[in-house]
Amino acid sequence: MNSEAPLRVLIVFGTRPEAIKMAPLVKQLEDAPDIDCSVAVTAQHREMLDQVLDLFHIKPEYDLNIMLPNQTLYEITTRALTGLKDILEQEKPDIVLVHGDTTTTFVAGLAAFYRQIKVGHIEAGLRTGNRYSPYPEEMNRKLTGAIAEFHFAPTGTAKANLLREGVDPENILVTGNTVIDALLATVTDEFVFGDNILDNIDYNRRKVLVVTTHRRENIGDPLRNVYRALRSVVENYPEVEIVFPVHKNPKVREVVNAVLGGVPRVHLIDPLDYAPFVNLMNKSYLVLTDSGGLQEEAPSLGKPVLVLRDTTERPEAVEAGTVRMVGTDEAAIYKQCKLLLENYEEYNRMAGAVNPYGDGRASGRIVSGLKYYFGLNGRKPEEFSV
Ligand code: UD1
Ligand code: UDP
């Protein structure tokens, strides 16, 4: 690299959570005078991605628009790989930055590798140890890790996972998770939704359960069991109100509507924009989810989380006591909801705010880390620690 020329960074992402978590980094890279930053989206998600791009005023230089209804992993992989080939040829970046564990993430890493372009992996090192759970994310992040040159790990646990796999410690930087950067910039106690359903709920007198589900391995009977448990909870506890922004995946929507459609005090709504969504969590009583990102956000807001999965790659908040794994068994989910609705000691034990995932300064550390790795900064930045 010519030391006079700016560092050319290409950021690639495709889905809602990648966009939310990359947005604070895009902003910081755009502001850095010695960095020339471009954004390419595969648009593996369309509407749910656009919601985030609009909110954070990100205008991608490239948009592959690959999403298909009910898309298969093969379709995402091949359409993204072919599209990225031309973008990389035109852009010739010094480094491609990818985030997390989606199929866009892995494919963008692979596309860069095929051109012998360095890859930086943001949110590196998360592992469950089970290649089929979550599926295909566990394999996506391992493959991305194998390709990446630089690993921006959110926590010390993630760094330890990478070290166990033989990654050179010099190429790992613990940064905290950029999701906390985005969250802290967005949550405010005075938030008004501007939406009839959400503004009319009395969050002090009702117990609002926020629910999201989308994991591929949960589609079908596991999700049906989850929704049946929720129906029993709302039927047995008149103070409970459920707000469920339903993922756009038709396979999720079909089962949600069949089990929870028309049930009183269950609000099935479209995916919310990020700002109303995190502010809804901030006003809620309890979060039930199979999402990865929510397991990081809710603990920071002091909200207990019941995780509708059998494995997690985010053990930190489980260890801190804010997050509990409940899986997808109907009786187990009902039992845990009952406990947290009836037993205030138990509830309060889980509801203490903890921040194992970040301090709001992850993006800054990543920018400094990039400069260090490319010789624009003399010293490796200090790592995030809890
Ligand atoms: C994807 C990621 C998953 C991530 C999740 C975040 C893969 C294989 N999966 O899962 O890791 O946790 O995003 O939400 O990378 N759809 C729309 N509009 C949208 C988005 C989706 O209509 O804006 C529908 C489409 O029919 C699409 C389907 O949802 O085919 C599934 O989308 P897909 O990206 O394949 O899977 P997700 O479950 O969203
Ligand atoms: N989110 C959102 N609107 C919603 C539901 C979730 O903006 O209606 C945000 C949420 O705050 C988090 C991210 O989307 O930052 C999580 O995305 P998702 O659960 O789809 O993916 P995962 O984190 O499991 O990869």
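Everything numeric in this text was worked out from a predicted model, so none of it was measured. Reckoned from all heavy atoms, side chains included, excluding hydrogens, waters and symmetry mates. For the single chain, residues carry numbers from 1 onward in sequence order.
When all heavy atoms are compared, the tightest approach of Val240 to Val234 is O-CG2, 3.7 Å. Considering all non-hydrogen atoms of both residues, Leu308 and Asp290 come closest at O-CB, 3.7 Å. Residue Leu286 comes nearest to Pro304 through the heavy atom pair CD1-O, 3.5 Å, listed as atom of the first residue, atom of the second, then distance. Residues Gly145 and His151 come closest through the heavy atom pair O-CE1, 3.2 Å. Of all heavy-atom pairs spanning Val305 and Leu294, the tightest one is CG2-O, 4.4 Å. Contact record, Thr128 with Pro134: CG2-CD, 3.7 Å, taken as the closest heavy-atom pair.
A side chain to side chain donor-acceptor pair (under 3.5 Å) with Ser38 is found for exactly one of Glu30, Glu61, Glu91, namely Glu91. Here the options are Asp86, Ile87, Val41, Leu84, the test is side-chain contact (heavy atoms from CB on, under 4.5 Å), and the partner is Tyr62; only Ile87 passes.
Checking side-chain atoms of Thr312 against main-chain N and O of Pro315 turns up no donor-acceptor pair under 3.5 Å. In this structure, the side chain of Lys283 does not engage the main chain of Val208 through any donor-acceptor pair within 3.5 Å. Distance alone, capped at 3.5 Å, is enough to place a donor-acceptor pair between the Lys207 side chain and the Leu341 backbone. The backbone N or O of Val259 sits nowhere less than 3.5 Å from a side-chain atom of Arg224 that would complete a donor-acceptor pair. The closest donor-acceptor contact from the side chain of Asp199 to the backbone of Val192 lies at 3.5 Å or more, if one exists at all. At distances below 3.5 Å, not a single donor-acceptor pair connects side-chain atoms of Gln336 with backbone N or O atoms of Arg324. Of the possible donor and acceptor atoms, one in the side chain of Gln295 sits under 3.5 Å from a partner among the backbone N and O of Ser291. Side-chain atoms of Tyr114 never come within 3.5 Å of backbone atoms of Lys85 as a donor-acceptor pair (strictly under, hydrogens ignored). Under the 3.5 Å distance criterion, the side-chain polar atoms of Asn161 are matched with a main-chain donor or acceptor of Gly125. Of the possible polar contacts, none joining the Gln44 side chain to the Gly14 backbone as a donor-acceptor pair under 3.5 Å is found.
Glu342 and Tyr237 form a side-chain donor-acceptor contact under 3.5 Å, judged by distance and modelled atom types alone. Thr104 and Glu18 form no side-chain donor-acceptor contact under 3.5 Å, judged by distance and modelled atom types alone. Arg46 and Asn65 form a side-chain donor-acceptor contact under 3.5 Å, judged by distance and modelled atom types alone. If you check the side chains of Thr212 and Thr289, you find a donor sitting under 3.5 Å from an acceptor. Between the side chains of Asn140 and Thr103, a donor-acceptor pair is found at a separation under 3.5 Å. Checking Thr311 against Ser133 by side-chain atom types alone, a donor-acceptor pair falls below 3.5 Å.
Criterion: ILVMFWY side-chain heavy atoms under 4.5 Å apart, direct or through other members. Under it, Val367 and Val39 are part of a common hydrophobic cluster. Note: the hydrophobic cluster containing Val167 does not contain Ile95 (ILVMFWY, side chain heavy atoms under 4.5 Å, direct or indirect links). Residues Val255 and Val263 fall within the same hydrophobic cluster, defined by Ile, Leu, Val, Met, Phe, Trp and Tyr side chains chained together at heavy-atom separations under 4.5 Å. Cluster annotation: Ile66 and Val98 are assigned to the same hydrophobic cluster (Ile/Leu/Val/Met/Phe/Trp/Tyr, side-chain heavy-atom contacts under 4.5 Å, transitive).
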> Please walk me through it: do Tyr334 and Val326 pass side-chain contact (heavy atoms from CB on, under 4.5 Å)?
Replying inline: CA-CA 10 Å; Tyr334 185 84; Val326 285; over 6 Å; no
>> Could you walk me through whether Arg216 and Leu73 satisfy the side-chain contact (heavy atoms from CB on, under 4.5 Å) test, starting with their C-alpha distance in whole Å, then the side-chain angles of each, then the deciding distance to 0.1 Å, before giving a yes or no?
In response: CA-CA 11 Å; Arg216 262 182 164 74; Leu73 297 176; 3.7 Å; yes
> Run the side-chain contact (heavy atoms from CB on, under 4.5 Å) check on Thr328 and Leu223 step by step: do they pass?
Replying inline: CA-CA 7 Å; Thr328 53; Leu223 285 187; 5.8 Å; no
> Would Glu316 and Thr155 count as a side-chain hydrogen bond (donor to acceptor under 3.5 Å, both in side chains) if you check the C-alpha gap in whole Å, the side-chain angles of each, and the deciding distance to 0.1 Å?
Replying inline: CA-CA 9 Å; Glu316 296 88 348; Thr155 65; 2.7 Å; yes
>> Would Glu138 and Asp101 count as a side-chain contact (heavy atoms from CB on, under 4.5 Å) here? Give the steps.
In response: CA-CA 7 Å; Glu138 176 76 357; Asp101 55 19; over 6 Å; no
>> Could you go through Lys335 and Asp329, starting from their C-alpha distance and side-chain angles, then the distance that decides it, and tell me whether this counts as salt bridge (Lys or Arg N to Asp or Glu O under 4.0 Å)?
In response: CA-CA 10 Å; Lys335 189 174 155 206; Asp329 179 72; over 6 Å; no
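Put simply, the side chain of Leu183 reaches to within 4.5 Å of the side chain of Leu301, judged on heavy atoms. Residues Leu306 and Leu340 are in side-chain contact: their nearest non-hydrogen atoms beyond the backbone lie under 4.5 Å apart. With a 4.5 Å cut-off on side-chain heavy atoms, Arg127 and Glu165 count as touching. With contacts defined as side-chain heavy-atom distances shorter than 4.5 Å, the pair Leu97/Leu370 qualifies.
Within 6.0 Å of the CD atom in Glu170, the count of heavy atoms belonging to other residues, nucleotides or ligands exceeds 12. Counting non-hydrogen atoms of other residues, nucleotides and ligands closer than 6.0 Å to CZ of Arg361 gives a total of 12 or fewer. The 12-atom threshold is not exceeded at CG of Asn196, counting heavy atoms of other residues, nucleotides or ligands nearer than 6.0 Å. For Tyr203, the OH atom counts as densely surrounded, since its 6.0 Å shell holds more than 12 non-hydrogen atoms of other residues, nucleotides or ligands. Heavy-atom neighbours of Lys142 NZ from other residues, nucleotides or ligands within 6.0 Å: at or below the threshold of 12. More than 12 heavy-atom neighbours from other residues, nucleotides or ligands sit within 6.0 angstrom of CZ on Arg253.
Under the 4.0 Å criterion applied to side-chain N and carboxylate O atoms, Asp36 and Arg8 are assigned as salt-bridge partners. The pair Arg365-Asp359 meets the salt-bridge criterion, since a charged nitrogen lies less than 4.0 angstrom from a carboxylate oxygen. Here Arg215 pairs with Glu137 in a salt bridge; the nearest charged N to carboxylate O distance falls below 4.0 Å.
Here the NZ atom belonging to Lys248 is positioned 7.5 Å from the CD atom belonging to Gln51, to the nearest 0.5 angstrom. Atoms CG and NZ, on Asn218 and Lys251 in that order, are 14.0 Å from each other to the nearest 0.5 Å. Atom CG of Leu280 and atom CD1 of Ile201 lie 7.0 Å apart (nearest 0.5 Å). Leu288 CG to Ile242 CD1: the interatomic distance, rounded to the nearest 0.5 Å, is 8.0 Å. From Asn200, atom CG reaches atom CZ of Arg206 across 12.0 Å, with rounding to the nearest 0.5 Å. The CD atom of Gln28 sits 11.5 Å away from atom SG of Cys37, with the distance rounded to the nearest 0.5 Å.
By the 30° and 60° cut-offs, the orientation of the rings of Tyr373 relative to Phe150 is parallel. Using cut-offs of 30° and 60° on the angle between ring planes, the pair Phe191 and Phe193 is perpendicular. Taking the six-membered ring where the residue is Trp, Tyr285 and Tyr347 present parallel rings, their angle staying beneath 30° rather than reaching 60°.
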